[in-house]
Amino acid sequence: MLNITTFLDANSKRLDKDVLYNPTTGNKYNSGEILSIVSEIGRELKELDIEKGDRILIYLKNSEEYLFSLFAIWRIGAIAIPTNRIMTAKELEYIISDSNAELMITDSDAENIVDIKTYIPQNITNFKNCEILPAENTDWDDLCQLQYTSGTTGKPKGAMLTHGNYFTAIHNECDVLTLKQDDVYLGIYPMAHVGLSWSISALRAAAYYILMEQFNIDDYLELCKTEKVTVLTGMPPVIHSLTTMDARKNLKTVREIVSGGGPLHKKIWKDFHQTYQIPIINAYGLSETIVIGTGTVIRPEDYWEADRFESVGHPVCFSEVKIVDEQDSSIIMPPYEQGEIALRGPAVAKGYWGNSEKTKASFLDDGWFLTGDVGYLDEDNRLFITDRKKDMIVMSGWKIYPTEVEEVLIKYPKVKEIAIFSINDCHRGEIPVAAVVWENEADDEGLISFARENLSRYKVPRKIFASDELPRVNGWKLLRRELRKMFKI
C-alpha cells in the first residue's frame, strides 16, 4: 500500500508543532489538525457517493481549503483535478467533459459557473478534532491526480500522476532543499500547479509552511523578516524584483531560494547573487514529471562551480536525462550538441488521460519522456535549456500555448488571421503578443475585450501588431520566429 497522505499520520503521532500558517486568515495548524480536517472533508465526499478512482475537480482560490481538499481526495483514493480560479467556464467545461469529473469542489461565488455537482468546504477549523478517516488502500501506480497541461493542438491534456509519482517528487524535493523541522518555508506557487509539491514537501518534513494566498512583494518581504524564513520560493520575475531593491535585512535568515517556471536570465541571476549571496535552487521539470520528481536541479553544493548562471544542473535522485535528435529520438546527441531533452525516472506520468496518440508520441516504451524542450548537456552532464520545440510561452511561470489562444481569438468577427508569439520582457521573462491580419479596419480594443471575456487573464495578448500577411512555409506552416523580425522586436 502507498497512499501519499499517510505522511500526515506519521507526523501527527510524533510531533506537536504548527506546520502551516495562512497570514491572510491568521489560521495555524499542526499535523494532527490537518489530518483531522482532511479526514472530515474526505468523509463528506464519501457521503456524496465519491468512490476510489472518481475524478474530482478543485476550483478554489489559493487557500488552506484548496490544500486540504487535495489531500482529502487523495485520502479516499479518488483523483484530483486541480484548476486555477481564473479559468473561464468554457475552459472548465472542456476539462470536466474530458475527464468525466463527478464533482467540483468550489465556493459559493462559483457554485453555478458550470453544470456539475458541487461541494463547498466550509468552517473547516471546526474539523480540527474529528475522527481520523483511514487512508484508502492505494498502490504505487494508482492515479491520484490529472494535471491538465495544454499542447500545441490547443486542447489541454491530462497528465496522469500517481501516488508513486508524488512519493518520488516529495522525496526529491525534501532532499534538494535539505528540509528540516526547524525550517520556515514561504510558499507562493499556485495550488493548481504541480509546483505546490514543494509546499507539500515542506509539510512532509514538518517544516513551518507559510501559505501566501496572493503574491505581493511588500507582504512577501515582511513575512520573510517577521517569520525568519529560511527557504524561500521565487520565480524569475520575483528574483528580478529583488535585484531592483536592497532587501538584505528582510532576507538575512534565508539560506536558499527556489527558481523555476521559466528561464532565469543570466544578468538577473548574477545581480541577485552579487547582492544577496543566497544560493538559487534553479530547477527544471514539467507537469508530467511533478517538477523535479524526475528532472534536474543546480544546488548549493555545485552552485559555486557552475558560475555560468544559466544551467539547470544535474539529474536529481532516481532521474536520468539525455539529449536526442529532434526528428529521431533513437539518436543520442553528444555533449554541447542541441536536441530534445528527454527525462526518465519514477515521477514520470503514466501518460495522457484518454489520449493514446499523444501518450505514444511523448512517453516512450522504454520509460523516456520527450519533453518538447531543446537543450544540451556539457561534459559534466549539466543541462542547459536553449529553446522550445513546442511554441509554448512562459510568462512569470504561466504556460501559454499560442494555438490555444489563436483558436479562441480567430472567432472575433473582424479578425482574418492571427498569430500569437512572445516577446522578451525583463520582469516576466516573456509576454504574449498578437500579429493580426484584419478583415477591414483594425479593432485592437475590441479584440482585447473579446480575449478578456473568453480567456484566462494571463493568456490575453499584451500588444497587437497589424500585418498584411503572416510568414508561412509554402503558404501553410506558420513561422512564429519570423514575427519578431517582422516587427523588429
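Model, not experiment: these values are computed from the prediction. If you read the sequence from its start, that first residue is 1, and numbering goes on from there.
Closest of all the heavy-atom pairs between Pro190 and Trp398 is CG-CH2, 4.5 Å. Closest of all the heavy-atom pairs between His427 and His240 is ND1-ND1, 3.2 Å. In terms of heavy-atom proximity, Ile96 sits nearest to Ile116 at CG2-CD1, 3.9 Å. The minimum heavy-atom distance linking Val194 with Gln147 is given by the pair CG1-OE1, 3.5 Å. Here the shortest heavy-atom pairing between Pro237 and Arg428 reads CG-CA, 3.9 Å. Closest of all the heavy-atom pairs between Pro23 and Ile210 is CG-CG2, 3.7 Å.
Taking CD of Glu417 as the reference point, atom CG of Asp468 lies at 11.0 Å (rounded to 0.5 Å). Taking NZ of Lys61 as the start and CG of Asn84 as the end, the distance is 12.0 Å to the nearest 0.5 Å. Here the CD1-SG distance, from Ile431 to Cys426, works out to 12.0 Å after rounding to the nearest 0.5 Å. The distance from atom CD1 of Ile418 to atom OH of Tyr412, rounded to the nearest 0.5 Å, is 11.0 Å. We find the CD1-CG distance between Ile257 and Leu177 to be 11.5 Å, quoted to the nearest 0.5 Å. Between the CD atom of Glu44 and the CD1 atom of Ile76 there is a distance of 11.0 Å, given to the nearest 0.5 Å.
Enclosure of atom CG in Asp115 is not indicated, since only 12 or fewer non-hydrogen atoms of other residues, nucleotides or ligands lie within 6.0 angstrom. Other residues, nucleotides and ligands contribute more than 12 heavy atoms inside 6.0 Å of the NZ atom of Lys117. Remark: Lys360 NZ is loosely packed, at most 12 non-hydrogen atoms of other residues, nucleotides or ligands lying under 6.0 Å away.
Judged by distance alone, the side chain of Tyr220 and the main-chain N or O of Leu186 form no donor-acceptor pair under 3.5 Å. With hydrogens and angles disregarded, no donor-acceptor distance shorter than 3.5 Å links the side chain of Thr6 to the backbone of Leu2. Between the Glu340 side chain and the Gly372 main chain, a donor and an acceptor come within less than 3.5 Å of each other. Panel note: side chain Ser456, backbone Tyr458; no donor-acceptor pair is recorded below 3.5 Å. Between the Arg75 side chain and the Leu133 main chain, a donor and an acceptor come within less than 3.5 Å of each other. The backbone N or O of Ser422 sits less than 3.5 Å from a side-chain atom of Arg484, completing a donor-acceptor pair. Checking side-chain atoms of Thr371 against main-chain N and O of Ile341 turns up a donor-acceptor pair under 3.5 Å. Checking side-chain atoms of Thr289 against main-chain N and O of Leu286 turns up a donor-acceptor pair under 3.5 Å. Using a distance-only test at 3.5 Å, with no hydrogens or angles considered, a donor-acceptor pair links the side chain of Ser36 to the main chain of Phe127. In this structure, the side chain of Thr233 does not engage the main chain of Val258 through any donor-acceptor pair within 3.5 Å.
Using a cut-off of 4.0 Å between Lys/Arg side-chain N and Asp/Glu carboxylate O, Lys90 and Glu93 are scored as not salt-bridged. Taking 4.0 Å as the cut-off between side-chain N and carboxylate O, Asp107 and Arg85 count as a salt-bridged pair. Residues Glu406 and Arg480 are paired through a salt bridge, judged by an N-O separation under 4.0 Å between the basic side chain and the carboxylate.
With sequence neighbours excluded, the residues forming a side-chain hydrogen bond (donor to acceptor under 3.5 Å, both in side chains) with Glu65 are Ser63, listed by chain and number. Every residue two or more places apart in sequence or in another chain was checked for a side-chain hydrogen bond (donor to acceptor under 3.5 Å, both in side chains) with Thr138, and none qualifies.
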Does Ile41 form a side chain to side chain contact (heavy atoms under 4.5 Å, CB included) with Phe71? I'd like the steps, not just the answer. CA-CA 9 Å; Ile41 294 174; Phe71 283 158; over 6 Å; no
Could you give me the CA-CA distance, side-chain angles and deciding distance for Asp98 and Lys155, then say whether salt bridge (charged side-chain N to carboxylate O under 4.0 Å, His left out) is met? CA-CA 10 Å; Asp98 186 71; Lys155 292 185 178 181; over 6 Å; no
Between Ile58 and Met191, does the side chain to side chain contact (heavy atoms under 4.5 Å, CB included) criterion hold? Intermediate values first, please. CA-CA 10 Å; Ile58 309 176; Met191 297 271 173; over 6 Å; no
Checking Asp366 against Arg344 for the side chain to side chain contact (heavy atoms under 4.5 Å, CB included) test, could you report, in this order, the C-alpha distance in whole Å, the side-chain angles of both residues, the deciding distance, and whether it holds? CA-CA 9 Å; Asp366 57 359; Arg344 182 165 67 177; 4.3 Å; yes
Verify side chain to side chain contact (heavy atoms under 4.5 Å, CB included) between Glu91 and Glu404, making sure each step is shown before the conclusion. CA-CA 11 Å; Glu91 291 168 322; Glu404 178 187 8; 4.3 Å; yes
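You'll find the side chain of Tyr189 stays beyond 4.5 Å of the side chain of Ser199, heavy atoms only. Within the 4.5 Å cutoff, the side chain of Leu57 has no heavy atoms near those of the Val114 side chain. Counting heavy atoms from C-beta outward, Met486 and Phe465 have side chains that stay 4.5 Å or more apart. In this structure the side chain of Tyr148 never reaches within 4.5 angstrom of the side chain of Thr83, judged on heavy atoms. The shortest side-chain heavy-atom distance between Val231 and Tyr209 does not fall under the 4.5 Å cut-off. Taking 4.5 Å as the limit, every side-chain heavy atom of Ile124 sits out of range of all side-chain heavy atoms of Asn27. Looking at heavy atoms from C-beta onward, Glu64 lies in side-chain contact with Glu213 at the 4.5 angstrom threshold. You'll find the side chain of Glu320 stays beyond 4.5 Å of the side chain of Pro315, heavy atoms only.
If you look at Phe68 and Tyr29, their ring centroids are closer than 6.0 Å.
Classified by interplanar angle (parallel below 30°, tilted 30° to 60°, perpendicular above 60°), the ring pair Tyr352/Phe363 is perpendicular.
When only modelled atom types and interatomic distance are considered, Asp9 and Ser12 share no side-chain donor-acceptor pair under 3.5 Å.
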